[in-house]
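A note on names: the letters A, B, ... follow the listed sequences, proteins ahead of strands, and every chain is numbered from 1. Note that the coordinates shown come from a computational prediction; the quantities given were computed from them, not determined experimentally.
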Number of protein chains: 2
Amino acid sequence: MNAPQAIVKHGRKFDQVLDGARKVFMRDGFEGASVDDIVREAGVSKATLYSYFPDKRLLFLEVAKIECQSQSDDAIAEIASSDDVRYALTTAAKRMTRFFMSDVGLQVHRIIVGESQRFPEIGREFYESGPARVHAILRQFLQKGVDAGKLEIEDIDLAADQFPELCKAGLHLKMVLGLRDTPSDAEIDRVIEGAVDVFLCRYERRHR
Amino acid sequence: MNAPQAIVKHGRKFDQVLDGARKVFMRDGFEGASVDDIVREAGVSKATLYSYFPDKRLLFLEVAKIECQSQSDDAIAEIASSDDVRYALTTAAKRMTRFFMSDVGLQVHRIIVGESQRFPEIGREFYESGPARVHAILRQFLQKGVDAGKLEIEDIDLAADQFPELCKAGLHLKMVLGLRDTPSDAEIDRVIEGAVDVFLCRYERRHR
DNA sequence: AAAAAAGTGAACTGGACAGTTTATATTCAA
DNA sequence: TTGAATATAAACTGTCCAGTTCACTTTTTT
């Protein structure tokens with residue numbers, strides 16, 4: 001049997017629609033984006049768009065889901081399986097932080113936060129596919145460190161919540177509000193180094 | 001001279017308008033709130049509202065400014081001038097965190113983040129009257145601790161950014177997205193205790 | 001090449017909503 | 001008590017935009 005992608009009943013222009021929607025939503029937010037803008041951007045007729053997505057809300061949900069997945073994929077990958085805890089944390093932090101501060105990362109954050117009242121599902125979708133995955137991976141990494149006798153942590157969930165917050169220190173909110181431009185690599189490194197320092201000072205097992 | 005409040009040219013119902021607007025904006029956000037809802041809530045005619053505020057955007061800006069001021073007032077007050085650094089930090093953290101997690105605090109956060117693209121001024125207004133003041137006060141407190149030989153901090157700005165982030169650990173984002181209900185006092189205390197532990201472990205001067 | 005599937009474009013509907021206008025009423029200060 | 005300031009109700013304007021419809025074209029399948 002040939003099994004020609006039995007995925008969904010995409011028409012030929014499905015991807016064009018998603019790409020156009022992605023671009024316009026990311027630029028203008030949910031309310032700011034008009035369906036007419038999207039079809040223009042996508043190079044597709046309005047009827048076609050509505051044949052795929054019964055309404056604007058579902059289209060947005062689909063776009064947001066895709067963005068969220070790419071977020072977590074980019075941002076976490078597997079934590080370097082290095083033996084050096086500090087190095088592994090630093091590496092992970094860099095990936096995470098650069099995503100937090102990227103245009104796409106910030107815009108997703110703004111839209112999700114702004115719309116989470118109107119669409120409760122979207123908040124969950126985002127959380128599960130982004131922050132929750134980071135938390136899980138970090139948790140597992142820290143547990144490994146504890147088992148190996150390198151770390152000493154009573155409340156691993158708390159610790160796994162603290163680390164990403166430390167990586168945002170100051171920068172993230174300012175960026176989200178549009179109060180400063182993209183930090184230089186040096187600035188990011190300074191914040192990350194500070195985060196790792198604080199974190200390990202508390203949780204690294206005292207060298208006997 | 002009698003100097004009868006030379007403040008602004010408030011009419012009799014100015015406060016009703018602000019109160020109604022506050023209630024509706026906080027409930028429905030900027031786009032979600034219709035001016036008709038607001039005048040109904042305020043018990044005032046549309047023409048009256050428009051005689052005070054030439055458009056919806058300025059009304060919202062005014063409401064947001066007031067909310068932001070009350071935020072910082074509630075949330076920081078003066079840091080307890082206690083000699084015990086740990087105690088002072090814990091107290092400040094409690095005030096801060098309870099505001100972050102309050103309905104008003106969360107809703108202000110959502111709206112500001114969601115609208116910061118459309119109204120750049122609002123982001124700055126919010127930041128200056130809230131987070132920036134927290135930062136400044138914390139900075140000053142930490143400097144005092146350093147001067148008194150109780151703390152050892154190379155980068156005070158970074159440290160003053162880290163502490164509030166630590167206080168959010170995990171809880172804040174979930175609350176903003178509506179993924180959990182208000183944490184119990186015990187949960188908040190656990191997060192705060194963790195934050196203070198991590199923070200002081202790194203920055204408290206080693207007892208000789 | 002014929003039939004089926006997918007897409008087009010342009011006009012249209014209906015509702016929501018910001019902001020205006022007007023003729024009238026209430027309040028308050030002198 | 002009178003006149004100026006303030007407020008009111010309600011209808012109205014204009015715009016924006018989501019979603020629909022339809023007669024027609026293009027692409028794909030067989």
Side-chain angles (χ1 to χ4, degrees), chain A residues 1-25 27-64 111 114-115 117-119 122, chain B residues 1-25 27-64 111 114-115 117-119 122:
Chain A
M1 63 229 51
N2 49 8
Q5 55 259 45
I7 320 185
V8 218
K9 39 26 178 351
H10 293 183
R12 320 199 285 289
K13 310 216 163 172
F14 191 85
D15 289 351
Q16 281 180 56
V17 172
L18 277 183
D19 289 349
R22 176 181 171 286
K23 179 162 177 194
V24 178
F25 280 135
R27 190 184 61 213
D28 300 338
F30 178 77
E31 291 290 349
S34 85
V35 175
D36 289 295
D37 284 351
I38 293 174
V39 301
R40 201 174 313 120
E41 182 66 41
V44 139
S45 79
K46 216 170 173 179
T48 300
L49 183 151
Y50 277 101
S51 81
Y52 293 139
F53 297 97
D55 66 32
K56 186 188 176 187
R57 198 168 139 285
L58 287 179
L59 173 57
F60 178 63
L61 241 42
E62 189 61 32
V63 169
I111 298 178
E115 303 299 334
Q117 299 276 281
R118 220 186 298 267
F119 313 152
I122 217 183
Chain B
M1 69 248 25
N2 48 8
Q5 56 258 48
I7 321 189
V8 218
K9 40 24 179 352
H10 294 186
R12 319 198 289 289
K13 309 219 163 171
F14 192 85
D15 289 351
Q16 280 181 54
V17 171
L18 277 183
D19 288 349
R22 176 181 171 284
K23 180 164 176 191
V24 178
F25 280 135
R27 190 184 61 214
D28 300 337
F30 178 76
E31 290 290 351
S34 86
V35 175
D36 289 296
D37 284 352
I38 292 173
V39 300
R40 201 174 312 119
E41 183 65 41
V44 138
S45 79
K46 214 171 174 179
T48 299
L49 184 151
Y50 277 100
S51 81
Y52 293 137
F53 297 97
D55 67 31
K56 186 188 177 187
R57 196 166 141 287
L58 287 179
L59 174 56
F60 178 63
L61 242 42
E62 189 61 31
V63 169
I111 297 179
E115 303 299 334
Q117 299 276 281
R118 218 187 301 265
F119 312 152
I122 217 183

Would you confirm whether A:Lys23, through its side chain, and A:Ala42, through its main-chain N or O, come within 3.5 Å as a donor-acceptor pair? no
How close or far is atom C1' of C:dC17 from atom CD1 of B:Ile38, stated in whole angstroms? 12 Å
Just to confirm, is there a sub-4.0 Å distance from OP1 or OP2 of D:dC17 to any side-chain nitrogen or oxygen of A:Ser34? no
Between D:dA7 and B:Lys13, is there an OP1 or OP2 to side-chain N/O distance shorter than 4.0 Å? no
Residue met sooner reading DNA chain D from 5', once B:Ser51 and A:Arg57 are mapped to nucleotides: B:Ser51
Treating B:Tyr50 as the side-chain partner and B:Ser45 as the backbone partner, does any N or O pair qualify as donor plus acceptor under 3.5 Å? no
N or O in side chain of A:Lys46 less than 4.0 angstrom from D:dT21 OP1/OP2: no
Give the rounded distance in Å between these two atoms: CD of B:Gln16 and P of D:dT8. 7 Å
Between the main-chain N or O of B:Leu49 and the side-chain N or O of B:Lys13, is there a donor-acceptor pair closer than 3.5 Å? no
By nearest heavy atom, map B:Arg12 and B:Pro54 onto DNA chain C; which one lands nearer the 5' end? B:Pro54
Quickly work out the A:Lys56 NZ to D:dC16 C1' distance and round it to whole Å. 11 Å
Using whole Å, report how far CG of B:Asp36 lies from C1' of C:dG15. 14 Å
Please pick, from C:dG19, D:dG19, D:dA7, the nucleotide with the shortest atom-to-atom distance to any side-chain atom of B:Tyr50. C:dG19
Checking the side chain of A:Lys56 only, and the main-chain atoms of A:Ser34 only, is there a donor and an acceptor separated by less than 3.5 Å? no
How are the rings of A:Phe119 and A:Phe60 set to each other: parallel, tilted or perpendicular (split at 30° and 60°)? tilted
Report the distance from atom CG of B:Asp37 to atom C1' of C:dA16, rounded to the nearest whole Å. 11 Å
Can you find a side chain N or O atom of A:Thr48 that sits less than 4.0 Å from OP1 or OP2 on C:dG7? no
Protein-nucleotide distance (B:Phe25, atom CZ; C:dC17, atom P), rounded to Å: 13 Å
Given D:dG19, D:dA18, D:dA7, identify the nucleotide with an atom nearest to the side chain of B:Tyr52. D:dA7
In this structure, how many angstroms lie between the P atom of D:dG19 and the CG atom of A:Leu59, rounded? 10 Å
Distance in angstrom units between B:Arg40 CZ and C:dA16 P, rounded: 12 Å
With sugar-phosphate meaning primed atoms plus P, OP1 and OP2, does B:Gly32 contact a base, only sugar-phosphate, or nothing at under 4.0 Å between heavy atoms? nothing
What nucleotide among D:dA7, C:dT8, C:dG19 has an atom nearest to a side-chain atom of A:Val44? C:dT8
